[in-house]
Amino acid sequence: MVEVASPSPIVTMSRKDHLSRTFEAYRAEIDSDNERRERLIILSRSITQLSKKLIFHLHRGATSSPGARAKMLNDARTKEREIREQFRKVNEVLREDGDDQGWRWHRQVSPGLEEYIESLSFLHYLEGKGLITLSDVQAALSDQETGDPWLVVTPEDYVLGISDLTGELMRYATNALSTGDHETPLSVCRFVRDVKAKFDRIPPFLIKPLAKKQEETTRSLEKIERVCYALRLRLLEFADRPEILRQMAKRALDEADREEID
Amino acid sequence: MSITAVKDQRRSVEEALTQAITSLEAEQSLKKTIREAVDPLDDVARSALSELNLLHSIPSSGHAALCEKCLATVATSKSHWTTVASLIPKGEFYRYQFAIGPTLRSFVTAIAMAHFLLKDELIPVFAISSLLGIGEGEIILSAEDYLQGVIGMVNELPRLSINAVTTQNFFLPIKISAFVNDIFASYSLLNLRNDALRRRFDSLKYDVKRCEDVVYDLTLRGLTPAPTSA
């Protein structure tokens with residue numbers, strides 16, 4: 001809070017003049033808060049956009065040949081660093097306010113943050129490292145030299161971001177199928193199942209928006225499970241004929257989609 | 001996928017989510033502790049506001065004593081504020097503001113009302129902070145909470161103005177009307193967004209009008225004291 005007025009009003013000044021002076025200070029404070037809020041919302045949007053692009057990029061290359069896939073992951077890291085750069089800018093704005101940890105403006109930044117966690121965790125998964133931890137995410141969003149966080153990543157942000165990851169994994173499993181890869185759907189299925197099981201233990205009042213996202217996760221998981229079911233049956237029957245496998249898998253997925261629409 | 005890889009993947013999920021859930025629970029328990037520490041403060045704020053309710057019924061000669069009593073009640077909150085402040089980790093006030101802000105606003109309303117009746121002026125932020133003893137700690141009385149709390153006081157004034165007339169105090173309505181006018185002019189200086197503060201500000205103009213109406217009724221009947229005494 002800015003220092004607003006001297007404790008004893010100047011006698012010659014009318015109350016109205018005195019109040020005006022005080023309120024001009026509030027105006028300055030409110031104006032600069034509003035301006036800061038706007039800048040953070042813009043940064044958050046830009047982080048969201050860049051994260052979405054990164055996710056598309058990951059989907060495009062995730063099912064390519066090993067060589068192309070490695071190059072894609074490499075490029076993805078470059079893109080991911082660009083997003084971090086945006087977070088560094090967020091930190092600059094926060095510091096102007098003396099709010100180094102970003103609590104005051106967390107709500108303005110968290111939409112971008114969640115999207116970033118979704119993309120980062122997807123990248124982490126595709127790199128074969130399993131599920132990224134909250135402290136890994138926090139480390140990514142901290143000054144690499146001093147270790148000071150650019151903004152605090154709350155467990156809520158993390159859980160909501162990971163919740164969205166399951167949707168991306170469903171898509172990934174589906175895409176993998178169309179290339180005849182039957183290993184990926186089975187492995188993604190196990191992973192998403194484990195995540196959902198853990199999430200189901202979180203009391204709903206701890207994270208309000210989670211309940212809705214959990215429904216989405218459950219739907220994604222059911223789709224993957226349906227695909228895996230068909231896949232397993234066909235593997236038993238036509239193990240040596242990948243072409244037929246592909247067809248079957250596609251049909252299973254279409255059925256799952258249709259049922260969802262009904 | 002090899003069996004080891006499957007196990008690794010499993011473990012990574014288990015570890016990552018256990019970590020997140022643990023910190024979620026820790027955060028939740030601190031929020032609960034803070035909310036519970038704020039409860040006695042809400043009690044104090046309610047007592048202070050309830051004491052001020054008497055302003056509407058007692059003769060104005062008793063106003064000053066009542067306001068002093070209200071400020072004394074407010075002062076009893078200091079130790080509770082110290083407790084709350086000590087629970088907030090350094091620099092994390094805004095993380096818990098949701099639990100503390102509404103209480104702060106009630107205090108601002110009560111204090112500003114008592115201060116106006118005693119001194120005929122709007123109490124500044126720093127004076128409120130020092131009355132509550134929150135100047136040094138982690139608790140911040142933000143402009144938003146202060147400005148909202150002050151509007152809470154103004155919303156009470158038209159009623160006080162009307163009731164003053166009933167108890168035949170014809171001076172207070174004039175004092176109130178002038179004060180509310182000054183405050184309205186001051187809030188008009190702010191560039192407000194379309195948020196809660198803006199909506200509350202919009203309510204001020206009705207208070208201005210209601211206060212002016214009372215003065216008008218008095219003037220019409222020649223009941224206003226001589227301008228010099230106002």
Side-chain angles (χ1 to χ4, degrees), chain A residues 1-7 9 14-16 18-20 22-27 29-31 33-34 37 98-106 121 125 128-136 152 154-156 158-159 162 183-184 186-187 190-191 194-195 197-199 201-203 205-207, chain B residues 1 5-6 8-28 31 89-97 119-122 124-127 129-130 135 140-147 178-179 181-193 195 197:
Chain A
M1 173 117 291
V2 286
E3 198 55 42
V4 285
S6 59
S14 76
R15 180 178 65 196
K16 193 171 175 174
H18 189 72
L19 276 173
S20 299
T22 313
F23 273 71
E24 272 160 19
Y26 293 139
R27 177 171 63 200
E29 186 181 340
I30 291 174
D31 286 351
D33 281 352
N34 285 342
R37 176 184 293 109
D99 178 21
D100 293 2
Q101 306 177 64
W103 289 114
R104 184 168 189 189
W105 305 106
H106 201 85
S121 59
Y125 180 86
K129 299 182 201 157
L131 183 60
I132 196 166
T133 64
L134 173 56
S135 40
D136 288 340
V152 172
T154 67
E156 284 95 332
Y158 172 80
V159 167
I162 298 303
E183 185 58 50
T184 298
L186 294 172
S187 143
R190 277 190 297 267
F191 184 83
D194 287 348
V195 170
K198 271 295 222 182
F199 274 13
R201 284 193 357 223
I202 301 176
F205 63 86
L206 282 189
I207 308 179
Chain B
M1 198 179 228
V6 170
D8 281 351
Q9 202 186 57
R10 267 244 144 97
R11 198 172 50 238
S12 87
V13 171
E14 178 63 29
E15 280 173 5
L17 292 183
T18 303
Q19 185 192 83
I21 292 170
T22 306
S23 61
L24 204 57
E25 284 166 349
E27 189 186 276
Q28 193 57 29
K31 277 183 182 161
K90 196 163 166 32
E92 296 190 14
F93 171 73
Y94 285 103
R95 188 180 201 179
Y96 304 100
Q97 191 188 23
K119 303 272 174 64
D120 196 19
E121 62 184 25
L122 180 64
V125 171
F126 69 84
S129 294
S130 78
I140 299 164
L141 177 52
S142 67
E144 168 91 17
D145 285 335
Y146 170 76
L147 293 170
F179 184 59
N181 257 307
D182 283 357
I183 291 191
F184 181 74
S186 306
Y187 274 75
S188 305
L189 294 171
L190 306 174
N191 302 316
L192 299 174
R193 307 186 301 134
D195 60 0
L197 184 57

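Every chain is numbered from 1, with letters handed out A, B, ... down the list of sequences. Remember, predicted model here, so these are calculated numbers, not experimental data.
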Please flag which part of [X] lies under 4.5 Å from any non-hydrogen atom of chain A: side chain, backbone, both or neither.
{"X": "B:Thr18", "answer": "both"}
{"X": "B:Ile21", "answer": "side chain"}
{"X": "B:Tyr96", "answer": "neither"}
{"X": "B:Lys119", "answer": "neither"}

Is there a side-chain contact between [X] and [Y], using heavy atoms and a 4.5 Å cut-off?
{"X": "B:Leu147", "Y": "A:Ile30", "value": "yes"}
{"X": "B:Asn191", "Y": "A:Arg27", "value": "yes"}
{"X": "A:Phe23", "Y": "B:Tyr187", "value": "yes"}

Item to check | Residues which pass ring-ring contact (aromatic ring centres under 6.0 Å, His included) with B:Tyr94, listed by chain and number, not counting sequence neighbours | outcome: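 Once residues adjacent in sequence are excluded, B:Tyr94 has no partner under the ring-ring contact (aromatic ring centres under 6.0 Å, His included) criterion.
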Item to check | Sidechain-backbone polar pair: A:Arg15 side chain, B:Asp120 backbone, donor-acceptor under 3.5 Å | outcome: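 Such a contact is found between A:Arg15 side chain and B:Asp120 backbone.
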Item to check | Heavy-atom donor-acceptor pair, B:Gln19 side chain to A:Leu134 backbone, under 3.5 Å | outcome: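 Checking the backbone N and O of A:Leu134 against the side chain of B:Gln19, a donor-acceptor pair under 3.5 Å is found.
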Item to check | B:Lys31: salt bridge (charged side-chain N to carboxylate O under 4.0 Å, His left out) partners, not counting sequence neighbours | outcome: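 Salt bridge (charged side-chain N to carboxylate O under 4.0 Å, His left out) check on B:Lys31 returns A:Glu156, B:Glu27.
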Checklist entry - What distance separates A:Arg104 CZ from B:Gln97 CD, expressed to the nearest 0.5 Å? => result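 Answer for the CZ-CD pair, A:Arg104 versus B:Gln97, is 7.0 Å.
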